[in-house]
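Reading through the structure tokens given below for one structure.
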Amino acid sequence: MNAALAMIEAAAPKDEIEAALVVQMAATHAAIMAVLTRLDAALAPERHVAAFGSTAARLMRAYATQVEVLRRLRTGGQQFVRVEHVHVNDGGQAVIGNVGTPNHNSEPIIASPKTITGSEER
């Protein structure tokens, strides 16, 4: 119980949704540890070991999904793409600058653009 409370405190949920998710994560983690403890029994029949192993794997997959959901909640689900090197062929064009869209239905916003054509020196 103390480990679960420490985990919840360490996650520092920012709102009720995050708090509910972190509580689920702590409960899932406790369940994983309980199942793995039972799997350790040396005298357990083979079918019990297989069943506990399967259960532990499903719980670990659920926990990984919960961690991913928490990450998406905290980052807003946005991705960041950084392009390091661009080739522009003859006749082609490229825009260099910060390009973004405020929502999916509007035109791109370009901050401090520089247009390069394929015939320019690189």
**Report entry** Rounded distance (nearest 0.5 Å) linking atom CG of L59 with atom NE2 of H29
**Finding:** 11.0 Å
Query raised in the report: Which distance, rounded to the nearest 0.5 Å, do you find between the NE2 of H48 and the OG1 of T55?
Result: 11.5 Å
**Report entry** Which atom of L21 lies closest to which atom of Q66, heavy atoms considered
**Finding:** CD2-O, 3.9 Å
Report task. For I32 and Y63, work out which heavy atoms get closest and say how close. Result -> CD1-CB, 4.0 Å
Query - Enclosure of R47 CZ (heavy-atom neighbours >12, cutoff 6.0 Å) - result: no
Query - Heavy atoms from other residues, nucleotides or ligands near CD of E68 exceed 12 (cutoff 6.0 Å) - result: yes
Query raised in the report: Side chains of E18 and R74: does their closest heavy-atom pair fall under 4.5 Å?
Result: yes
Name each donor-acceptor pair under 3.5 Å that joins a side chain in residues 1-8 to protein atoms two or more places apart or in another chain, with its distance.
none

**Report entry** Short side-chain to backbone donor-acceptor contact, T28 and Q24, under 3.5 Å
**Finding:** yes
**Report entry** T65 and R61 side chains, donor-acceptor separation under 3.5 Å
**Finding:** no
